[in-house]
Every structure is written in C-alpha cells, then in structure tokens.
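So that we are looking at the same thing, I have put the structure below in structure tokens.
Note on naming: letters A, B, ... go to the chains in the order of the sequence lines (proteins, then strands), and numbering restarts at 1 for each one.
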2 protein chains.
Amino acid sequence: MKELPVEAGTATQVLDVAERLVQTRGFNGFSYADVAAELNLSKAALHYHFASKADLGQALIARYSEHFGAALDALDIGAECARAKLDGYVELYEGVLRDERMCLCGMLAAEHETLPAAMRDAVVAFFDFNEVWLSNVLEQGKREGDLQFAESAMVRARILMGGLEGALLVARPYADVSRFQQIALHLIQELEAHPSTARNG
Amino acid sequence: MKELPVEAGTATQVLDVAERLVQTRGFNGFSYADVAAELNLSKAALHYHFASKADLGQALIARYSEHFGAALDALDIGAECARAKLDGYVELYEGVLRDERMCLCGMLAAEHETLPAAMRDAVVAFFDFNEVWLSNVLEQGKREGDLQFAESAMVRARILMGGLEGALLVARPYADVSRFQQIALHLIQELEAHPSTARNG
DNA sequence: GTCTATAACGAGATAGAC
DNA sequence: GTCTATCTCGTTATAGAC
C-alpha cells in the first residue's frame with residue numbers, strides 16, 4: 001500500500017526542482033549547483049540519485065511523459081465529448097504557461113541538438129504519443145459529429161500540437177496568458193462543426 | 001559605394017558562425033571557443049570584436065532583425081497580393097528549417113529567462129514587428145478580397161506567427177520539413193477567401 | 001586586429017568519510 | 001543518503017606583446 005506523500009523523497013524533490021529549472025531556463029541553463037542550493041543539499045548528494053545530468057534529464061522526460069499521459073487518460077475517462085477533451089488538452093498547456101514555464105519537451109526540442117541521444121528519442125516519443133492521442137480524439141469528434149476538419153486526423157493533430165507549443169513559446173517572453181488563449185481559442189473553434197457545412201444534417 | 005563582399009570582415013564571419021550556433025544549439029549551448037575554433041581565431045580576438053557574449057547576442061538579434069525586415073520589405077515590393085506576401089513569409093521560415101535551424105528569436109524566446117535584459121527586449125521587438133507586418137498584410141488581403149478571417153488582424157497575425165514558430169520547433173527534432181509544410185499550408189489555406197462564404201459576392 | 005597567457009569562476013563528476 | 005574535499009575541464013573575460 002502506498003503512503004501519502006506527506007514528505008516527498010529526495011529524488012522526487014530533485015526532479016521537481018530540476019523540472020522547473022529546465023522548463024524555465026532550459027537544460028543547458030541550469031546546473032546541479034542550482035538544484036542543490038535550492039534543496040540545501042550538496043552536489044554530491046544529487047549525483048547519488050542521478051549519476052549524470054543526462055540521467056537526470058532522461059528521468060525528467062520519463063516522469064513528465066507519465067504525468068502527461070495520466071492527465072490524458074483522465075480526460076479520456078472524464079470528458080463527455082471530443083470537444084471537451086480538446087478543451088482539457090488546451091488547459092494542460094495553459095497551466096504550464098500560468099506557471100511561467102515552457103512545455104518541458106518543447107524546451108528540449110529547441111535544445112535537441114545539444115542533448116544526449118536517449119533524451120532526444122524520449123522527446124520525440126513524447127510528441128508522438130501526444131499526436132496519437134489528439135488524432136484519436138479528432139477521429140472521435142468527427143465520428144460523433146461535433147468536430148470537423150479537412151486534413152487527416154494525424155495532420156490536424158500536428159497542427160494543434162505545433163500551434164499550442166508555438167503559442168507557449170511566444171507568449172512566455174510577454175508574460176501574457178491572453179496571447180496563448182487567443183491562439184488556443186482559434187485552434188479549437190476552427191474545429192467546431194457548423195450546421196451549415198456539416199455532412200448530412 | 002559598397003564593395004562586393006568577396007571576403008567578409010572578421011566581425012561578419014563571427015556573426016555568421018555565432019548565428020548558426022545559436023539557431024541550432026541555443027545561446028547557452030555554444031561558447032566563444034566554438035566560434036574561435038571554426039574560424040581559426042583565438043578567443044581573445046573574438047572579445048576584440050564583441051567584448052562580451054551579451055554584446056554578441058545583441059548584435060546577432062539586431063542583424064537578424066535587419067535581414068528579416070529587409071526580406072519583408074522585398075515582399076512588400078515584389079509580391080503582387082497579400083496571399084503572395086504570406087507565401088513569401090512562410091518560405092522565410094521554411095528556409096530556416098531547411099538549414100536545420102530554429103528561428104533565432106524563437107530559440108531565444110525559449111531561453112529568454114536566462115538572457116540579459118537588452119536581449120530579451122530585442123527578442124520581443126522582433127516578434128512585435130513581425131506581428132505588425134503580418135497584421136498589415138492581413139488587412140490588405142481582407143480589403144482586396146483574397147483573404148478572410150474572423151478575428152482582428154493583430155490576433156490573426158499572432159496565430160500565424162505562433163503557428164509557424166511552433167511548427168519549426170516541433171519539426172526540427174524530426175528533421176522533417178514536410179511536418180512544417182503541413183502546418184504552414186493549413187495556416188495559409190484557412191485564410192483563403194471562399195466564394196461561398198465571402199461578403200457580398 | 002590578432003596573438004599567448006592567464007585569471008577567475010562554475011560546470012559535471014568522483015573518492016572516501018560519516 | 002549525505003557530506004567535504006577535490007579533480008578536471010570549460011567558461012567568460014582580461015593583460016599585454018606583436
């Protein structure tokens with residue numbers, strides 16, 4: 001039986017701090033010293049939990065992907081229609097921005113040429129599973145008649161994800177959530193099925 | 001009278017190499033040593049031309065913005081309609097990706113929290129002038145009847161620019177230009193005026 | 001304008017005590 | 001599991017010769 005996380009283990013605390021640092025400063029923009037200082041640990045203690053920075057990076061992507069996947073599972077269970085799932089998906093991104101962060105994998109995508117191969121692969125895998133999930137939601141929405149789009153569901157999924165990543169990227173230097181919201185609203189609304197153009201009433 | 005750039009000055013060569021390194025590895029992902037090695041110069045020689053890395057960074061954004069602005073001026077003169085200007089704008093981004101690069105300011109936007117204030121301001125100014133140019137093109141297209149959109153021209157400009165930046169960001173780890181093209185095509189096509197929905201025939 | 005040399009610092013990482 | 005101490009290397013930057 002799992003205990004309540006009254007006090008998170010050190011490894012978890014390290015991941016929490018490192019995750020925030022990567023999402024705000026980039027993988028090349030933070031150091032073990034930064035994490036250690038924030039947790040009042042020594043650098044050596046960090047190396048005990050994550051032998052190398054590359055290991056820490058892989059662990060960060062793995063956990064982020066798990067958490068994101070769990071959030072998508074929750075949407076699959078809780079949301080009543082495809083449109084509601086998309087709203088939930090957008091809110092995940094908006095939450096990241098409200099926290100003054102970039103998507104972890106969006107940040108790492110920018111730095112991808114400097115990353116160890118394992119991290120690069122994990123970033124691509126993150127995008128892949130996002131696209132597959134979105135693609136399924138889009139297919140559902142089309143099937144059920146509350147979403148419409150001309151492209152394949154996979155291409156439309158790429159348009160959505162790319163649009164949201166770009167909206168985060170540009171909105172952050174402005175520290176302006178409404179910039180993100182304007183773009184996100186458009187991406188959702190252009191998928192709405194309008195009676196006048198829908199197939200067969 | 002300007003001379004032909006048969007042999008570019010050292011400062012220009014430094015900017016060329018540094019620009020490519022920032023666009024591929026990020027501002028925190030390259031060093032003076034990298035640039036010096038590539039040009040067979042000493043690090044000290046670089047410091048003669050650009051006293052600090054922050055100075056080099058500012059010079060990079062300034063030159064990139066000038067070049068980009070000149071390209072937009074050329075589109076204003078050469079393109080026959082708003083739609084053609086947008087095509088040209090998209091091609092600028094596609095050229096960056098074909099060179100296996102990220103937009104300089106898109107990359108710096110990701111790293112913005114780690115940048116000197118002057119660089120941060122210059123990045124935002126780059127986005128601002130892009131949005132103003134796009135907004136004017138969109139207004140022109142609406143006026144002349146070959147573009148249509150529901151939002152304000154400024155909001156639509158943000159949708160376009162954010163979409164293209166995001167398309168670059170995600171396409172690059174895949175090293176797949178078609179990923180970018182799919183998104184860019186959608187962004188342009190959704191602006192096309194269709195007779196069935198256009199105002200007053 | 002470019003060099004060698006070096007300063008001053010911070011990075012990632014390791015050894016070994018507790 | 002965390003520490004101190006240390007190593008090695010790379011970083012930005014400067015001094016002063018050529």
Atom-to-atom span, NE2 of H49(A) to C1' of dG12(C) - whole angstrom: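 Computing the H49(A):NE2 to dG12(C):C1' distance gives 17 Å.
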Distance in angstrom units between Y32(A) OH and dG12(C) C1', rounded: 8 Å
Sugar-phosphate, base or nothing in reach of Y48(A), heavy atoms under 4.0 Å: base
Cation-pi geometry met for K53(A) and Y32(A) (6.0 Å, 45°): no
Which residues share a side chain to side chain contact (heavy atoms under 4.5 Å, CB included) with V132(A), sequence neighbours left out: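 V132(A) satisfies side chain to side chain contact (heavy atoms under 4.5 Å, CB included) with N136(A), M154(A) once adjacent residues are dropped.
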Partners passing side chain to side chain contact (heavy atoms under 4.5 Å, CB included) against Y174(B) (at least two apart in sequence or in another chain): V124(A), F127(A), D128(A), V170(B), D176(B), R179(B)
Sugar-phosphate only, base, or nothing, as touched by N40(A) at under 4.0 Å among non-hydrogen atoms: sugar-phosphate
Leading and trailing nucleotides of DNA chain D with any atom under 4.0 Å from heavy atoms of chain B: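 That gives a stretch of dT11(D) to dA15(D).
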Sugar-phosphate, base or nothing in reach of N28(B), heavy atoms under 4.0 Å: nothing
Residue whose nearest DNA chain C nucleotide is more 5′ - A44(B) or A54(A):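 Final value for this comparison: A44(B).
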Rounded distance (Å) that lies between atom P of dA13(C) and atom CG of L46(A): 11 Å
Partner set under side chain to side chain contact (heavy atoms under 4.5 Å, CB included) for A37(B), not counting sequence neighbours: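 So A37(B) forms no side chain to side chain contact (heavy atoms under 4.5 Å, CB included) with any residue.
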Touch class at under 4.0 angstrom, heavy-atom based, for F50(B) against every strand present: nothing
Identify each donor-acceptor pair in which a side-chain atom of residues 8-16 of chain A lies under 3.5 Å from a protein atom, sequence neighbours left out, and give them as a table.
unit_1: D16(A); atom_1: OD1; unit_2: R63(A); atom_2: NH1; d: 2.8
unit_1: D16(A); atom_1: OD1; unit_2: R63(A); atom_2: NH2; d: 3.0

Contacts of type side chain to side chain donor-acceptor pair (under 3.5 Å), residue Y64(A), not counting sequence neighbours: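 With sequence neighbours excluded, Y64(A) shows a side chain to side chain donor-acceptor pair (under 3.5 Å) to no residue whatsoever.
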Atom-pair distance (NE2 on H47(A); P on dT14(C)), nearest Å: 7 Å
Touch class at under 4.0 angstrom, heavy-atom based, for S42(A) against every strand present: base
